[in-house]
*Asks:* 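Structure in structure tokens, see below.
Given the structure is predicted, the values throughout are model-derived calculations rather than measurements.
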Amino acid sequence: MRREVPLVLTAMVGLTMIIAHFIPPFNILKDLFEDWFFIIAAFAIYLGVLNLIRVNADKIYRKSRDWPFGIVVILGFLVITIPGLFFSGGRSFSDPGTSFYFLYIHVYYPLSATMFALLAFFVASASYRAFRARNVEATMLLAAAFILMLGRVPIGDWITAWLPEGYRMGNAADWIMDFPQTAGQRAIMIGIALGVVSSALRVILGLERAMGGD
Amino acid sequence: MSGEVVGLWIGGILTLGIFSFIYKDNPFYKFSEALFVGVSAGYWFVVTFWQYFLPKLIDNLVLAYTVLTVEGKIDYHWVYLLGGGLGILMLLRLFPSVGWLSRWSLAFIVGTTAGLQFTRYLESNGIIQVKGTILSLFVWGDLNSTIGNIVIVVGTFCGLIYFFFSKEHKGAFGGAARVGVWFLMITFGALFGYTVMSRMSLLIGRMDFLFGNWLGLIK
Amino acid sequence: MNQENNQEVKSIWEKLLSIDRRIIFLFIAVAVAVPLFFKLSMRIPVTPVAQGTYQAIESLPAGSKVLASFDYDPGSMPELQPMAEAFFRHAFRNDLKVIIMGLWPQGPLQANIALEEVFQDEDIKAKSLQYGIDYVNLGFTAGNEVVIDRMGHSFEESYPKDGQGTPLSEIPLMRGVRNYDNVDLIFNLSAGYPGTQEWVQYAVDVFHVKLAAGNTAVQAPAMYPYVQTGQLSGVLGGMKGGAEYETLLGIPGRAVRYMFSQAVAHAVICMFIIIGNLAFFSIRKRKKTS
Amino acid sequence: MKDKDSHWTRVLSLFLFVFVSLFLGMQTCLAQEAEQAEALQDSLAQPPAPPTNVVAKDAPNDNGHALLVIWTLSADDGAGQNNVVSYQILRSDSPDGEFEVRGLVPAGENTYKDKGAKEKEDANYLPPHKDFYYKVRVRSDGIFSDSEVSLPAHAYGQWYHTGKTAVLLAVLIFSTFALVFITVARKGKKLYIRPLAGIEAVDEAIGRATEMGKPILYILGLGSADMIATIASFTILSRVAKKTAEYQTPILIPCCDPIVMAVAQETVRAAYLEAGRPDDYKQENIYYLTSMQFAYVAGVNGIMIREKPATNFYLGKFYAESLLLAETGSLAGSIQISGTDEIAQIPFFVAATDYTLIGEELYAASAYLGREPVLLGTLKGQDWAKALVMIFLILGALAATFHFQFFLNLFKVQL
């Protein structure tokens with residue numbers, strides 16, 4: 001039961017999805033499975049949330065290091081959940097003017113955007129201290145990066161203004177993006193596609209060890 | 001109006017809280033980070049409740065129940081109970097003794113994704129990309145397209161050779177693989193440039209918020 | 001490498017390399033913030049791929065319906081929000097009908113933020129646009145690419161009601177819109193998964209609908225192969241893409257204003273890489289000679 | 001592990017299960033006989049001239065809830081009086097019953113796909129195998145004229161989507177490659193995989209660490225234990241740990257996921273046992289740090305600065321932390337070997353570390369070191385598929401250069 005049911009379930013659902021691609025009547029089953037997929041996905045998110053609460057409650061209870069921040073996590077959770085579930089007009093909870101919307105704009109958004117903005121500083125420091133033209137490959141990479149970084153802003157065209165129009169750094173950036181970059185992306189893309197397909201095949205055939213296969 | 005002002009101040013202070021990390025790790029940053037973790041979890045909780053859970057599960061079951069009570073018929077919407085059941089199995093992971101049951105629902109999710117990906121990737125990223133690379137190597141009277149097409153065909157070909165693992169990179173084959181690496185490196189360079197661009201844009205956005213919206217220094 | 005020389009007197013380059021990283025952080029902060037205070041308008045060069053997205057929208061006749069999927073969250077707002085605003089200005093200027101949706105829960109909210117901004121414009125106010133007739137926000141539905149796939153059969157399957165809980169059949173704009181056959185273009189703003197790649201795979205390749213996109217700079221390069229094959233009409237890349245769109249539209253907005261900061265920041269990063277490499281090579285040379 | 005044949009029987013029985021039970025079950029709902037409606041037509045001359053030859057037939061390649069209507073454009077569309085604005089498509093269930101409007105298309109178009117819902121409760125439900133009659137109304141500002149009513153047509157589901165043949169072939173070819181090679185690998189035949197630069201460097205890197213008397217740092221990334229990249233990293237870790245056991249060099253593995261940590265401990269313990277030095281295994285060197293991204297980075301960076309490891313491995317799933325780790329490691333003077341399938345992070349690894357396994361190379365490295373038949377087999381299958389793609393590229397480019405259109409048509413995927 002522990003091993004067989006998941007393997008059979010995976011294979012059955014996976015095969016149905018593939019068959020439905022070629023044989024239209026199977027779409028009825030495919031649609032039903034997709035609906036279940038939504039429902040299970042919802043529960044998966046709940047699982048993550050419950051886990052987070054549990055871990056932090058545990059942290060507070062045991063008074064482990066930085067436990068007061070565990071309280072902040074739980075408070076943060078409640079601060080948005082309670083208004084979102086009960087005081088934001090039900091299904092239209094995300095409309096402008098609701099308290100959920102207010103929290104989204106003034107708490108969630110600044111935090112999330114600033115988290116990513118931090119990376120700008122780290123890119124700068126790494127580019128100074130670690131990005132080296134240590135071999136031919138890294139040199140080509142940095143050269144292409146230079147042309148792109150300068151060519152995508154007007155600076156590139158200023159410093160190459162002595163070249164005839166159409167042959168400046170901006171055009172070089174366009175050319176790199178349109179041709180060599182497209183070729184490289186495509187090679188990676190085809191490789192990834194085959195990788196994804198073979199891993200899907202392993203999963204469906206029950207051969208993927210991480211999924212309990214043999 | 002005053003709500004807006006309060007909101008701006010909350011946003012401004014939290015932004016500074018996260019930024020304080022670049023000086024060094026400190027309680028102000030830890031507070032903001034912990035708040036972020038809690039608020040995102042709450043955000044997802046609320047959104048899933050109203051937009052997955054209610055319409056996909058509860059609404060369908062209510063419909064089934066209504067049909068049963070009004071018409072006395074067993075409606076096909078009852079099959080959603082099975083979906084809901086698989087969902088509940090997922091939560092069992094919280095209890096170690098019966099946690100293995102969550103593998104059933106996981107198997108369902110994994111199977112669905114694998115099945116969908118299998119054909120889609122072959123079609124969109126495989127066949128259609130191959131088709132897109134079938135380009136004429138000589139375009140009459142158009143040097144630009146001729147060179148461009150040759151670059152795409154040669155680049156894709158050599159890139160694939162680099163990712164071909166069954167033959168050692170020696171001789172002509174090794175040469176082609178080497179050209180392939182160059183194409184990959186140019187691609188990664190472009191990616192590098194674009195990633196830097198992206199990160200800088202985010203920082204600009206936050207700076208504009210701090211100095212413009214919040215402090216009102218940029219008009 | 002470093003350990004062996006610890007006792008030696010440090011050269012200028014070594015000292016330069018070992019400066020506190022906070023000094024580098026300061027450089028970046030200044031490079032980004034100071035140019036914001038100058039209203040310098042730069043000529044924005046327009047790339048062919050951005051032109052592609054603009055043309056796809058510009059070529060639609062008045063009254064055409066555009067399905068706009070907002071697949072990003074606040075994390076990417078500086079890059080994608082200017083595109084969102086420019087898109088609404090463009091669509092409403094050309095009297096297009098916009099059906100908003102999102103595969104990311106935060107997406108439809110971002111659309112509302114952009115709408116609020118765009119409705120401040122005098123000429124758009126003058127059109128007195130009405131919800132449900134000129135635009136509609138279907139909200140978010142979970143399920144990633146599965147949602148795209150199912151919308152190919154029927155929008156109603158994935159979105160029985162709009163974001164406000166009104167059944168689709170009661171919304172005038174949605175009358176006669178059953179699936180992708182009834183929209184003229186899909187416009188997608190995307191910051192990752194699910195996003196433009198999924199729209200290409202599940203909507204364009206299966207249901208034969210036209211798609212134009214705006215992406216964060218991180219993922220824009222990956223979209224070029226799709227543009228080359230014609231699976232995608234065009235792609236706006238990052239804040240620069242937003243600035244290009246604003247330039248094409250003739251309404252310079254925030255993205256154009258930010259470009260000066262962006263340019264200075266890029267220059268500073270390039271400078272850092274050059275100095276860092278000079279230091280690296282001169283230190284290596286010195287070691288070899290000694 | 002089960003014996004070799006069991007998965008074949010399992011697959012076979014699954015195919016049988018899916019095909020027979022579900023397929024036949026549905027057959028009762030959908031009849032398979034297909035009949036195409038014939039053309040009909042005369043036209044009436046009224047301004048604007050009505051469309052002619054209205055034909056309704058089943059829409060192809062669906063599950064039977066749509067009809068396709070095709071007509072000949074009105075003589076006044078784009079010519080004659082040139083006053084046609086649009087065509088309205090009307091439908092009824094009897095030739096002289098009430099017709100309802102189903103759709104509208106602009107002038108110049110001559111087809112309409114009347115798609116219905118497939119649920120009975122839906123107001124727009126279009127039942128399969130029920131006859132419908134169509135007429136097309138041509139409109140020009142207020143006045144209109146109708147075509148004659150079409151012959152009846154009904155929707156039915158198809159058993160095979162004719163536009164997907166290329167995809168089906170691809171599926172079959174790829175699956176065959178993979179399964180054949182898995183079988184070959186299971187029979188114990190050696191499958192060749194080329195040596196990879198990053199992996200070749202491993203021994204040298206461990207030797208260097210031993211000389212310097214410094215530890216080795218192995219980072220498994222931020223991914224969970226079920227991600228392909230993380231699994232590949234475990235295989236490589238097992239090989240690295242065996243070497244460190246032989247050289248008696250300590251290996252530090254800070255983890256950011258408790259499950260990953262548990263698997264890593266198991267992997268390393270087994271490797272030390274295999275190397276014949278179970279007593280040298282130190283569980284306390286493999287520990288859980290924190291699951292928060294930046295806090296984890298701060299912790300690992302602290303280790304790098306304090307311990308100054310001789311070699312850092314970054315193999316697995318990495319996100320924005322890639323450049324932060326690589327930067328600190330490069331400052332600490334460590335040799336760095338990296339690899340991830342997260343494409344956006346590869347540039348940073350290439351620029352800041354000494355060796356990088358690019359995307360698929362990471363999987364190849366794990367198959368190369370692990371020699372597991374399933375992985376080797378699928379990797380070989382991928383290689384053969386790649387070879388096929390390359391052959392098609394060359395032939396295709398030649399065909400396109402010399403304008404052999406037929407070759408392009410091979411790749412036709414009906415959308």
*Asks:* Answer yes when A/Arg152 and A/Asp174 have at least one side-chain N-carboxylate O distance shorter than 4.0 Å, and no when they do not.
*Replies:*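 Counted as a salt bridge, because a side-chain N and a carboxylate O are separated by less than 4.0 Å.
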*Asks:* Check each atom of A/Ser199 against the heavy atoms of chain D and say whether the ones under 4.5 Å are side chain, backbone, both or neither.
*Replies:*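 Contact with chain D: side chain only.
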*Asks:* Does a side-chain N-to-carboxylate-O contact under 4.0 Å join A/Arg54 and A/Asp58?
*Replies:*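 Salt bridge: no.
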*Asks:* With a 4.5 angstrom heavy-atom cut-off, is it the side chain or the backbone of D/Thr230 that approaches chain A, or both, or neither?
*Replies:*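 Neither part; nothing is under 4.5 Å.
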*Asks:* Check whether any side-chain heavy atom of A/Arg129 lies under 4.5 Å from a side-chain heavy atom of D/Ser330, and answer yes or no.
*Replies:*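 The answer is no; the side chains never approach within 4.5 Å.
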*Asks:* Is D/Gln382 close to chain A through its backbone or its side chain, or both, or neither, when contacts mean heavy atoms under 4.5 Å?
*Replies:*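 Both parts, backbone and side chain.
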*Asks:* Are the side chains of D/Phe174 and D/Trp384 in touch, meaning some heavy atoms are under 4.5 Å apart?
*Replies:*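 They are not in side-chain contact.
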*Asks:* Measuring heavy-atom distances to chain A, does D/Val263 have an atom under 4.5 Å in its side chain, in its backbone, in both, or in neither?
*Replies:*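 Nothing of D/Val263, per the 4.5 Å heavy-atom cut-off to chain A.
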*Asks:* With a 4.5 angstrom heavy-atom cut-off, is it the side chain or the backbone of A/Val55 that approaches chain D, or both, or neither?
*Replies:*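 Neither part.
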*Asks:* So for atom OH, which belongs to A/Tyr167, do other residues, nucleotides or ligands contribute more than 12 heavy atoms lying within a distance under 6.0 Å?
*Replies:*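 Atom OH in A/Tyr167 is not crowded, with 12 or fewer foreign heavy atoms closer than 6.0 Å.
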*Asks:* For the interface with chain D, which of A/Gly195, A/Ala138, A/Ala20, A/Ala126 has the highest count of heavy-atom pairs at distances below 4.5 Å?
*Replies:*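 Of the options given, most contacts go to A/Ala126.
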*Asks:* Measure distances from D/Ile343 to the heavy atoms of chain A and classify the residue's part below 4.5 Å as side chain, backbone, both or neither.
*Replies:*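 Contact with chain A: side chain only.
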*Asks:* State whether D/Glu360 and D/Lys386 are salt-bridged, where the test is any N-O pair (Lys NZ or Arg NE/NH1/NH2 against Asp/Glu carboxylate O) under 4.0 Å.
*Replies:*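 Salt bridge: yes.
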*Asks:* Does any heavy atom of chain D fall under 4.5 Å from the side chain of A/Ser125, the backbone, both, or neither of them?
*Replies:*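 For A/Ser125, backbone and side chain are both near chain D.
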*Asks:* Using non-hydrogen atoms and a 4.5 Å limit, figure out which bit of D/Leu168 sits close to chain A: side chain, backbone, both or neither.
*Replies:*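 Backbone plus side chain of D/Leu168, per the 4.5 Å heavy-atom cut-off to chain A.
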*Asks:* How about CD1 on D/Ile259, more than 12 heavy atoms from neighbouring residues, nucleotides or ligands closer than 6.0 Å, or not?
*Replies:*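 Incorrect, the count does not exceed 12.
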*Asks:* At a heavy-atom separation under 4.5 Å, does D/Phe348 approach chain A through its side chain, its backbone, both, or neither?
*Replies:*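 Contact with chain A: backbone and side chain both.
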*Asks:* Going by distance alone, is a donor N or O of one side chain under 3.5 Å from an acceptor N or O of the other, for A/Arg202 and D/Thr378?
*Replies:*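 Yes - a donor-acceptor pair under 3.5 Å links their side chains.
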*Asks:* Is D/Leu324 close to chain A through its backbone or its side chain, or both, or neither, when contacts mean heavy atoms under 4.5 Å?
*Replies:*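 It is the side chain, since no backbone atom gets that close.
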